[in-house]
Each structure stands twice: as C-alpha cells, then as structure tokens.
Visitor: 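Below you'll find the structure I mean.
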Amino acid sequence: MLLWVSVLVLASPVPPPPGKHQFILCFAPVSGQFAPAPKPVISLHPPWTIVFKGEAVTLTCHVSPFLAVENKKWYQWYLGREIIREIPGNTLQVRDSGEYRCQTQGSPLSDGVSLTFSSAKLILQAPPSVFEGDSVTLMCRAKVEKVDTARKTRTLYKDDNVLMDLGENSSFHIEHARLKDNGEYHCTESVTYCCSVSSNTIKIQVQELFPRPVLRANPSLATPGNPVILTCETQLSPQKSDVQLWFHFFRDGQSLGSGSKSFLKISIPSVMGSEDPPYYWCEAWASIPGVYKQSQKFQIPVQIPVSRPVLTLSTPGARAVEGDLLTLSCGAKTGSYPIVYQFLREEVVLGKMKATFGGTVTFHISLTAEHSGTYSCTAGNSLGVQRSQPVSLSVTVPVSRPVLTLSTPEARAVEGHRVTLHCQARRGSPRILYQFYHGDVPLGSSSATSAGGASFSVTLTAEHSGTYSCTADNGFGPQRSDTKSLFVTVPASCPVLTLRTPGIRAVVGDMVELRCEAQSGSPPILYRFYHKKVTLWSSSSPSGGGVSFNLSLTAEHSGNYACEADNGLGAQRSESLTLSVTVPASRPVLTLRTPGAQAFPGDVVELRCEAQSGSPPILYRFYHEDVTLGSSSAPSGGGVSFNLSLTTEHSGNYSCEANNGLGAQRSEAVPLSISGGRPTSDPSRSPSDSDPQEPTYYNVPGWMELQPVYSNVNPKGGDVVYSEVRMIQEGNRHAVASNSALRLLRTYLPSYGPATSQQRLCRPQGSSVIYSQVKVASLPASAAPRS
C-alpha cells in the first residue's frame, strides 16, 4: 500500500547552465518499502547493435511508469560519460559508435547500449539482449557497393563450429531462445572460385526472463484452521515488463489454484500427532510458450499448541544431597517451535530457555538446603503456555558438627543433682540420631525428627566426673562435638572423729591426736574441731582425705569432742566422742587427829589421807613405818579416813599412798608419839586459862579449804566447852599457799591448870574470834577407818 513518496534531490550547489536541468532522484515503493526507481531501458530500431556506417539507429528511452508525468518532460542522453543531448522526447537518432545511456528526472542512469557503426564488408547483426523464450534473428549482411552478380554462399558459426549453411540467405532464426543457445557467433561469405570474408563475432547470452520463484507464506508460522496467504515471488526483467506471467499453487501435488495473481489465500489443515506438515510449491508461467519455473518445495511451519510438559528431577544418588548437581528436564511431546521453557521453584523463575527443535531442555542447580521445595516447568509458544505437574524435592543436608551443652540446677554439678546433656547440630536434615558419650563409653542415644537437637539426663554420682561428647548422624557419617569437662562435686559426708592417745587412758600431759575424716566429699574440705561448743582448731584438706590435730591434755580437756567437714555444700558434723582425762593422783596429805593434845594408849586416832588432785577412783593405803595398816578406795574422789585405837606400839612414823592406776604417790611421813600414862585433869581449869594446843598439818595444798578441827577439854568437869574459832584472812602465807580465800578454823584449847584471867590467847594476826557453846560429846572407845 503506497502511503507516501520519499524524494531525494541531488542538487549541485552551482545552478545548472542555461538549457540544462537539475534532476531529482525518486524512490518508488517495493512491497511496502521504498527502493530506488528502476533504471530506464534503451531499445533500438533497427534492433541491431552493429550497423554499417552511414546508417542511423533510433534510440528510445523507456522509463518506469511509477514516475510522475512532470518527471518525463526532459531526457538526457549520454555518449560515454558526456551528455550529448537533453530533449523533451524520449527518442534519439544516432550515427556514431559508442556506449549510449539515458536518464530522466527522478530516475537513475540506464544501462549502457554499445553501438558499432562498421565499415566492414560483412557484419553479423544481433539484438542487444536476448531473453529465454525470445524469438531471435541473426542477420549476416554484406555491404553493397555495386551490382554484383557473383554467386555467394554464407555460413553461420557458433563457437567456431558450423551451425548452419545459410546459402544465399542472410538470416538465422531462433524460435525460442534457451540457455543452450548461449555462445559466440560469426558468419562467413564465400564467392565461388574466389575468396571468403568473415564477419564480426557476437556473443549471445540468453538471460532469464524471470528468476526461479520463491514461495512465501504469510504469516510464516501458521495455525491450523487460520488463513495463510501464499505468494509466488519472482520478477520480470525490466526489458520484458510487458510479458504476462501466470501462477499455479500446489500442496503435496494437488493444485490449490492458478491465475495471473502471484498470491493465493489458503487455510492450513490440522496436523495430527507426529504427522509431517504438507509440502507447498508454486509455478510461474510466461505467456511465451515453454517458459515456466517452479519454486522449491517447503513446509509451512504449523503452529501447534504445546502439550502439557513433563518435569523430571535427577541427582547423582538416590537422595538429593546438599552440594549435588540437580538436573531439571522439561519437555512437551507436541507443540510448534520455538518453544519457550521456564523452570520454577514455588513461583520463583529459576531459568528460561528457548528450544528451536525437538527434545527436552535441561537446567542445572548446585543444591543447597534452601533448594528444598516444589518445582514445576512451563512450556509455551505463540498459542499459549502449559504448566507441568509439580514435583517436590527435599534436599538432605549432612549434619554439621554438633554442639554439646551441659546444664545443672546450680552453678556447680553436685552429686545427686540431675544434669541434662543437650546435643544439637545447627544444620542437618532430620531424622538425626544423637549419641551421648562419657569418655568413650556410650551413655544413650536419641533420635530427633525436627530441629532442636536431643537431650539426655543423668543423676550425678562421683563417677560421672570426666569428659563428655556427642555425635550427630543423619546417614552421611557421624559428626562429633567438642568435648566438655564435668567435675561432680560430692558433698562432704558425715565425718568420723577419732581420738588417739599414747595409752589406754588419756592422761594429763599426754599428746592426744584428734583426726577428722569425711569418707567422701570433693576437695577442698574445711575441717573444724570442737570441744563442747568451743572451736579448738580448723584446717583445710586441699586434696581430700582427713586432717589431724594434736592436743596436749590438761584436766580441763575432759568432755565431749566433735568435728565438722565442709566443702561448700553444707557442714556435716561428726558424732560426739567423750574424752575423760585421767589426772594422776597428787601426793596425798596425811593428817592425824587425836582426842587430845597428846596421844595416849587407848585413844582412837583418826588418820586421814587425801590427794588434792587425781581422777577417781583413788585407792588409799595407810602405813605405820612400812607396814600396811589398811586401805580404802574413794570412788568419787576426795580422801578417806582410818581410825586406829592406840597402843604403845603405835608410836612411830605414819604415811599414806594414793593410787588411781597412774602410779602410787606417798605422803610425807607424820610422826606420832604415844605417852606412857594419862595425867589427872584439874577440874578447876577454865578453858581460857589453858594453853591452846594445835594438831600439826603437813603439806596442805593452798587451794583446798580445810574443815575446822575441834578439840574439847572440860577441866572443871562441866558440860560446856568453850571453843575459840578464828577466821584466817587472805594473805596469811603461813597457812595459805595460793591467792584463794581460805578459811582455817582452829580451836585454841585452855592449858591444864587453874584458869587465870591474865592468860592471853595466842591469836594469829589478822584473825577474828568466834565463840560458841558446844555440848560435851563423848568419843567412842575405838573406830574403824572411814572415808
């Protein structure tokens, strides 16, 4: 469809000289596009390219009918490159040899036509161009100079071979030129019994009237049932534009139609399954008999909607493992090409490919954990898109190295607590088998079907200290965690206290070893020793075991002992042990008590032996000289007494022993003198007149309070005895051996004889006198030892 004309003015910057014209080059539309206007064509009359000199040839310039009328008003003629004439008509008569061209406004230069005006005696004339199917005449002419009656014969040669003996004729006629007629022609003329003359050589090149047609379909991709226009494309030579062409269309040998039109509208039949599309071709026939040409056969690509594609996933192994190369293949069994394939995961496009011939297309992915999901593919051409069935893919991720954590109720792992071991692989596809180890000994296993790991609990004992690890395995080989150390702190058990003494009994001065030991418990353990409720000593055992403590015994160390063990988890106290410190009996003191100031036969004397210190029971023995008088035990401590009825044989030294199993201690000897007869008493003596008599005490310990000793006299025979009792104040070192306040009750008795008021009592300085009345008490004649 002609919509507009593009005009290009080839103008010289200098105006044309007078009588000359400026031409414009026009472009004419070709198949909807614009191309340069066709070249003018020069025709000859007579139709020979060689003539004899003196003859004239009329040239006619034929231009394209597409040129506007105003562009045909002026014609330029060229001889060689020179313009020889510019005339309003399209014909020119010439007589000179050379190459002629023509041009009109808006057209390009024509092809050149070479004319030869020959002075030869014989020439061979031929048309300037020969097309297939043309009727061609070759003229062999001799120059007529005078009337010649000689008989002459002419012969026509082709490629130096005799083609025909023309006789006296001068022409050779080719009815329908064919390619076989191509060649070089010349002729000769022979005079009988004379000479021969040869003409010029002419090269005949038979040109195609039109090229072999090309069958085209529009649209090039057809859809079954939709119309398609077939066009049989060819083009007549410009010199033969007046020739009428006829067109004939075929499908698989069957005629679809024919006519003068070069196109035909048809409907494309459906193609079933794998059936091949039909072949199409066309034929172009010229009005000249025997000139026709056939196009190549071709199949019109039929647009077949794609079928639903099939997606397949393939991996190197049975399972899709992270790191594997996944191959996705997508193929539609039917469908016109090109087919565009797309690969999708979920709704995300992974890749896009275009297939221009049969088969499937593939797409590759290096798998990661994120590639798990649903895959599909689409196949589409211009008729629509089809989607495959979805295919699920689960990418198996080998487990990573797991992490082991230990959790206890408190900061420290304590025996009896429940510890939880948790093993977790950060990456890995379930199902994952977790195995827990104490050292290299398996503790237990657990399978996890989802993320989060697995746990294992154990109640702690001391044996659970050590290193722990775990493994994770989902079928690709176990991965082991780093080891974790666990130290189980064992609370100190109830300790055992032992006392070790040098002998069977604990004796003052002995070095006793107190040992406290908890049979179980994590070090360090702090031990404390107690006497009653008083802390004696403490010590830490950094490596476990017990500790010992040495104590030098005194009497005050008797009592209950205990110890404690503490390692930070609560103090544990031992059972109490009672320690009785045995005090060796001290050197006893022996006192003799007689009824009077003097001892007489028949008196009963009291011997009292007492050790001021010593653990009971104490066994006392009394001696007269070295003869044992008797013995007595004091089960609760203190002293014992022994009564002896005196005879004259009892004068001498007396002593006693105190023994509580730690060695006997003997007192100092006390002499006793027994008088021969008892003197007569003076009843008129008053107690105040008599001289006081004191019994003698030896080695009295300063800290011991002594009982008063009473001596009664009755010089007047009355029943009242006056006794003087004095209190000795502190500081009297003759009677006191320590800083203790002691009371010494001493009775001062009156001297025998008449009482005198002038008699003074010998009073110890610093004492006070207490008088009291005491009734007469009769002593028995004899007495047994008493405690």
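Numbering of residues begins at 1 and proceeds along the displayed sequence.
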Visitor: Roughly how far apart are Lys532 NZ and Ser558 OG, rounded to 0.5 Å?
Guide: 8.0 Å

Visitor: Does a side chain donor of either Ser455 or His422 reach within less than 3.5 Å of an acceptor in the other side chain?
Guide: yes

Visitor: For the OG1 atom of Thr535 and the CD atom of Glu564, what is their distance to the nearest 0.5 Å?
Guide: 8.0 Å

Visitor: Does atom CZ (Phe357) have a neighbourhood of more than 12 heavy atoms from anything else shown, all under 6.0 Å?
Guide: no

Visitor: Show your reasoning for whether salt bridge (Lys or Arg N to Asp or Glu O under 4.0 Å) applies to Arg515 and Glu513.
Guide: CA-CA 6 Å; Arg515 181 168 181 79; Glu513 178 189 8; 5.0 Å; no

Visitor: Does the side chain of Thr408 come under 3.5 Å of the side chain of Glu410 through a donor N or O and an acceptor N or O?
Guide: no

Visitor: Excluding sequence neighbours, so at least two apart, what forms ring-ring contact (aromatic ring centres under 6.0 Å, His included) with Tyr437?
Guide: none

Visitor: Once you round to the nearest 0.5 Å, how far does OG of Ser641 lie from CZ of Phe622?
Guide: 6.5 Å

Visitor: Which residues satisfy the salt bridge (charged side-chain N to carboxylate O under 4.0 Å, His left out) test with Arg480, sequence neighbours excluded?
Guide: none

Visitor: Answer yes if the side chains of Glu657 and Tyr620 hold a donor-acceptor pair under 3.5 Å, and no otherwise.
Guide: no

Visitor: Can you find a side-chain donor-acceptor pair between Ser447 and Arg431 that sits under 3.5 Å?
Guide: yes

Visitor: Does a sphere of radius 6.0 Å around CG in Asp252 hold more than 12 heavy atoms from other residues, nucleotides or ligands, not counting ones at 6.0 Å or beyond?
Guide: yes

Visitor: Please determine whether the number of non-hydrogen atoms from other residues, nucleotides or ligands lying under 6.0 Å from atom CD of Glu346 exceeds 12.
Guide: yes

Visitor: Could you check whether Asp324 pairs with Arg319 (Lys NZ or Arg NE/NH1/NH2 to Asp/Glu carboxylate O, under 4.0 Å)?
Guide: no

Visitor: Could you check whether any side-chain heavy atom of Leu579 comes within less than 4.5 Å of a side-chain heavy atom of Asn560, counting everything from C-beta outward?
Guide: no

Visitor: Are Gln299 and Tyr280 close enough that a side-chain donor and a side-chain acceptor fall under 3.5 Å?
Guide: no

Visitor: Counting neighbours of CZ on Phe298 that are heavy atoms of other residues, nucleotides or ligands and sit closer than 6.0 Å, is the number greater than 12?
Guide: yes

Visitor: May I ask you to decide if the ring planes of His464 and His438 are parallel, tilted or perpendicular, using 30° and 60° as cut-offs?
Guide: tilted

Visitor: Would His364 and Thr327 count as having a side-chain donor-acceptor pair, cut-off 3.5 Å?
Guide: yes

